[in-house]
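Everything below concerns the one structure shown next.
Per chain, numbering begins at 1; letters A, B, ... match sequence-line order.
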Number of protein chains: 4
Amino acid sequence: MQVALNLFAKQGYTNSSIAQIAKEAKISKGLIYNYFESKDALIKEILIGGFDQFVVFFEHNKDGVFGNDEFDYFVKETFTLMKKNEDFWRIYLSLAFQPNIIKLIEKELMEALMPILSILDNYYAERKHPSPQVKTRLFLAVLDGVGLHYLSDPDNFPLDEVVKMVVKIFKE
Amino acid sequence: MQVALNLFAKQGYTNSSIAQIAKEAKISKGLIYNYFESKDALIKEILIGGFDQFVVFFEHNKDGVFGNDEFDYFVKETFTLMKKNEDFWRIYLSLAFQPNIIKLIEKELMEALMPILSILDNYYAERKHPSPQVKTRLFLAVLDGVGLHYLSDPDNFPLDEVVKMVVKIFKE
Amino acid sequence: MQVALNLFAKQGYTNSSIAQIAKEAKISKGLIYNYFESKDALIKEILIGGFDQFVVFFEHNKDGVFGNDEFDYFVKETFTLMKKNEDFWRIYLSLAFQPNIIKLIEKELMEALMPILSILDNYYAERKHPSPQVKTRLFLAVLDGVGLHYLSDPDNFPLDEVVKMVVKIFKE
Amino acid sequence: MQVALNLFAKQGYTNSSIAQIAKEAKISKGLIYNYFESKDALIKEILIGGFDQFVVFFEHNKDGVFGNDEFDYFVKETFTLMKKNEDFWRIYLSLAFQPNIIKLIEKELMEALMPILSILDNYYAERKHPSPQVKTRLFLAVLDGVGLHYLSDPDNFPLDEVVKMVVKIFKE
DNA sequence: AATGAATGAGGTTTCATTCAT
DNA sequence: TATGAATGAAACCTCATTCAT
C-alpha cells in the first residue's frame, strides 16, 4: 500500500499499473491480488485509510466546545496533517473529478465531512454571521484551494504565511 | 475537440479512449490522427484553447487601471467564464497533479498566469496590504478552491453567494 | 520516385510509408496514387528501372565477342554502376529475401540475368574450365557478396582493391 | 522464438506481426511481452542467439594454430552451420540494410567478427600474400555472397561444388 | 504466503488506400 | 493535375486479472 500510495500520487491512479506497483514493492503481481480484490479495492483502502487519519483527529473534538482556540487549532492541524500525508492528498485531489472512484468512497467521505460541516455551521452561527452556511462552504473551499496550490508547488508556495492569513480572515 | 472536451471532463483524460471519442464524434479513429499527432497533442490543444479564452479576456484590461471596480468585475467574470466552460475547468483541475500533462502546457500556463499575478500584487500593494504577495497567492488559491467545490457539485454549491462573499472579503 | 528510392534505401521498403514519401516529395499522398496503383507498383517500377540501367549496358555487348578485355570491363563497370546507384542496390539486396516482392519482378530479373549467365558460362567453357557453370555461379555470388559488404559499409570497404583482386582471380 | 525465427525468415521481420507469431505458437500476444520487452528485443535475442552458435564454434580454435587444414575445416563448417540454421542466416542477411536493427546487435556482431578477421589476416600474412587484409575482406564477402545465393535458391544452387571451389581458390 | 505463466480485452498509433472536389 | 478529408484494418503494446503450483 505504501508503494501504491507513492506511485498513485506521482503518476496518477490510471497511469500506475499493478505490474509497476508489484515491481517497486519487490513482490509478485499475484500477491497483490491475495490482499486486494481489485485495483479499485486497493485505491479504496488507501483513500479510506487516509480519511481515517483525519476523522480520528476530529473525533477527538466531537462533543466538546468548538471555540476560537479550537478553530485556530483546526486550521493549523489540517495543514500539518496534509504536510505529513502529502501523497494521500495529492491522490485525493487528483481523483476529485473521477466519478467512478469517488463513488467507491462516497459514504466514507460523507461520514468524514458531515460532522465538520455542522460544527463549522454552528461556529459561524454562534458568531451571528449573516449566512453561516455559505461561509462554511467558502471556508472549506478555501482549505482545498490552499491545499491544491501548496501540493502543486510545495517548494514555492508560502504555506505557513497563507495559513496564518486564512486563520485571521476566517476566524470570524 | 468538442466531443473530446466533453468526455475528458466527464471521465477523465486517461479513462477516455480515442476509440470512444471517435465513436461519439461519429468519425474514424484514424481521422483524429490526421489532425492531432497524439492523444497528448489533443489534450494540449484543448487546454491551450481553454486558457486562451481566459487570457483574451484579461488582455482587454492589460494596461489600464485595475481598481476596485475592476477587481469586482474580475472575480465575477472569472466565475461567469467558468460556468460557461465548466468542462474545460473540470479537465484543468483534474489534471493539476498529472505532471506529464502539465509539462505540456507549462509555458502557456505561465504566460497566462504571470500577468494576473503581477496585477493583483500591485492591487494589494497599492492598498498598503502588509504582505501583498501572500494575499495574492491566497486569493488565487481561493478562486481555484471555489471552482473545485462548485464543479464537484454544481447543483448544490451556492456559487453566487459564495462569490459575493469572496469579493467582499478579498476586495481589500 | 527519386524520393521513394531514397527512403526505401535508407529505411527499408516496409518501414517507409506513403505518407512519408509524399511529405518529403512535398506532394500529396493522393497524387502518388494517380501515378502508381499501389505501394507495390511503386517499388516494382523502381526496381525495374534499376535493372534496366544494367541491362542497357549489357545489350551493348550482346552479340559481340566477350573476351578477356570485356571481362575486365564488365567487372569494373558493374561496380561503377553500383557506386552510381547505391540506393537502388541497397534496396535490391534488402529485398532479396522478401518473396512477395521478388515475385513482382521475377520475370524482369530473369530476363536481365539469363544473358549474363550464358555469356559467362561460355566464357569459362571457352577457357576449358572443368566446371564452367559452377564457376559462373560462384562468380555471380562473389559480385553480390562484394556489393553487400561495400554497401553495408561504403566508407571502410576497400572496394577498388577488392575489385582488382576479383578480376585477377576470376578472369580465368 | 522458434516460431518467430521461422516467420521472420519466411516473410521478413517487418512483415511478420506479433499477432501472427502468437497465433502460430498457439499462445497469446500478451505472453510474448512477458518474455520480450518489444518486437525489437525479440529479434535481438534471436540474432544474438544465432551468432553465439557461430562464435562458440570459433572459440574452439581460438588460440591454436590456424593452418591449411583448419582453413579447409573453417569454410566447410561455415556452410554446414549455415545449412543447419538456414532461417537464421536468411534473417541476418535480410536485415543487413536495416540500420535500426543492425544497431541493436552492433556490439555482438563486432565481437563475433573481429577474431575471425584477425585470424584470417594472419593466415594470409603468413602465406606472404601481398595484401592480406584486402584478401580477407574479399574472402568474407565471398562467404556472404555464396550464402546469399544459396539461401535465395537452395534447391538449385550447387552449394557443395561451389564450396569446394571457394576452398581451392582462397586457401592460398 | 507467494509466485509467475498465461490470457483477452482494449489501448494508442500507423498506414495503404479511396474519393469527392 | 492535384489535394486532403476520410476510412478500416491491422500494427505494437499494456494491463487487470486468473490460476495452477
Stem ranges of DNA chain E by first residue number, counting only runs of at least 3 Watson-Crick or G-U pairs under 3.5 Å, come to E:2-21 with F:2-21

Expected list for residues 20-48 of chain A near DNA chain F, using heavy atoms below 4.0 Å, is K29(A), Y33(A), S38(A), K39(A)

Bounded by its outermost nucleotides with an atom under 4.0 Å from a heavy atom of chain A, the footprint on DNA chain F reads dC15(F) to dT18(F)

Of Y13(B) and I18(C), the one whose nearest nucleotide on DNA chain E sits closer to the 5' end is Y13(B)

Applying ring pair (Phe, Tyr, Trp, His ring centres under 6.0 Å) to Y150(D) and not counting sequence neighbours gives none

With sequence neighbours left out, the residues meeting ring pair (Phe, Tyr, Trp, His ring centres under 6.0 Å) with F36(D) are none

Sorted by chain and number, sequence neighbours left out, side chain to side chain contact (heavy atoms under 4.5 Å, CB included) with N15(A) holds for Q11(A), T14(B), Q98(B), N100(B)

Sequence neighbours excluded, the answer for side chain to side chain contact (heavy atoms under 4.5 Å, CB included) partners of V55(A) is E59(A), A112(A)

List for me each residue that meets salt bridge (charged side-chain N to carboxylate O under 4.0 Å, His left out) alongside [X], sequence neighbours excluded, and say none if there are none.
X	value
E108(C)	none
K83(B)	D160(B)
E106(A)	none

* Looking at every strand, decide which applies to T14(D) at a 4.0 Å heavy-atom threshold: base, sugar-phosphate, or nothing. => nothing

Applied to residues 28-50 of chain A, the side chain to side chain donor-acceptor pair (under 3.5 Å) test, sequence neighbours excluded, yields Y13(A)-D40(A)

Between I48(D) and I105(D), the two heavy atoms sitting closest are CG1-CG2, 4.0 Å

Residues passing the side-chain hydrogen bond (donor to acceptor under 3.5 Å, both in side chains) test with N85(C), sequence neighbours excluded, are Q53(C)

